[in-house]
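Contents: one structure, followed by commentary.
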Amino acid sequence: MPTGLSRRELQVLRLAHEELGNKEIATRLGIAPSTVENHLTNAYAKLGTSDRRTAAALAVRDHPDLSRFAPTPMADVPRSGVEQKVRGDAPALDREPAGSDDWFLPAPPRRLITLIAAILLFAAVGGVITTGLVQLAAGGVAALSAVAPPDAVLATDATKQRE
């Protein structure tokens, strides 16, 4: 990154560019509002400005892929009960789940997911069929060996010896 901004600073600036307040940014990222303020202060120093809008605009200009630096869904990570009581947070399960724009990587195409699911389904069905055929063959061999004459195996060995 040419400006030396960290990934988290870029995430904070991206959300600031969407005109979210520090508390909203903190909620989205699962961090304290004071931490958001610290990231903004560090970003201001690195960008040479003290204005939130200017810093966000510079970050968007200098990092056209800034939309791909979406926040990680840290707000959905459940915290321990002790940490929730200390910070006074609501339980993590009561929070809204993160949207698809909260992930760093883009979602895979639906066709790819469908193709992979079909391949796995056919592989599973093929495995079940193969297992069934092997079991059927083993049962058939066991049934035939029970009714075969006792010297049936010896007779085939004897014919090989005569040749």
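We count residues from 1, following the sequence as given. In what follows, every heavy atom counts, from backbone to side chain, and hydrogens, waters and symmetry copies are set aside. Just so it is clear, the structure is predicted and the values come from calculations on it, not from any experiment.
Tracing side-chain contacts under 4.5 Å through hydrophobic residues (I, L, V, M, F, W, Y), one reaches Leu133 starting from Val125; they form part of the same cluster. A continuous path of hydrophobic side-chain contacts links Leu120 to Leu112 [ILVMFWY only; heavy atoms under 4.5 Å].
Side chain of Lys46 to backbone of Gly4: a donor-acceptor contact under 3.5 angstrom is found. Using modelled atom types, one side-chain atom of Thr131 and one backbone atom of Gly127 make a donor-acceptor pair closer than 3.5 Å.
One distance of note links NE2 of His17 with CG of Leu58; it measures 10.0 Å at 0.5 Å rounding. Between the CZ atom in Arg111 and the CD1 atom in Ile116 there is a gap of 13.0 Å [rounded to 0.5 Å]. To the nearest 0.5 angstrom, Asp51 atom CG is 7.0 Å from Tyr44 atom OH.
With respect to the salt-bridge test (charged N to carboxylate O, under 4.0 angstrom), the residues Glu18 and Arg14 qualify.
Side chains of Asn38 and Arg8: no donor on one and acceptor on the other come within 3.5 Å.
Between His39 and Ile25, the closest side-chain pair of non-hydrogen atoms is not below 4.5 Å. Two residues are said to be in side-chain contact when any heavy atoms from C-beta on lie closer than 4.5 Å; Leu40 and Asn22 meet this criterion. Using a 4.5 Å cut-off on side-chain heavy atoms (C-beta onward), Glu9 and Val12 make no contact.
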Next item on the list: Show your reasoning for whether side chain to side chain contact (heavy atoms under 4.5 Å, CB included) applies to Glu24 and Leu15.
Entry: CA-CA 9 Å; Glu24 292 170 307; Leu15 294 173; over 6 Å; no
Notebook entry, point to check: Could you walk me through whether Arg28 and Gln11 pass the side chain to side chain contact (heavy atoms under 4.5 Å, CB included) check?
Noted result: CA-CA 10 Å; Arg28 287 251 188 120; Gln11 289 173 342; over 6 Å; no
Margin query: Does Asn42 form a side chain to side chain contact (heavy atoms under 4.5 Å, CB included) with Leu5? I'd like the steps, not just the answer.
Written below: CA-CA 8 Å; Asn42 291 337; Leu5 293 171; over 6 Å; no
Next item on the list: In sequence, state the C-alpha distance, the side-chain angles, and the governing distance for Val60 and Leu13, and then conclude on side chain to side chain contact (heavy atoms under 4.5 Å, CB included).
Entry: CA-CA 8 Å; Val60 169; Leu13 286 172; over 6 Å; no
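Counting all heavy atoms, side chain and backbone alike, Thr49 lies closest to Ala55 at CG2-CB, 3.8 Å. Closest approach of Ala26 and Pro33 over heavy atoms only: CB-N, 3.6 Å.
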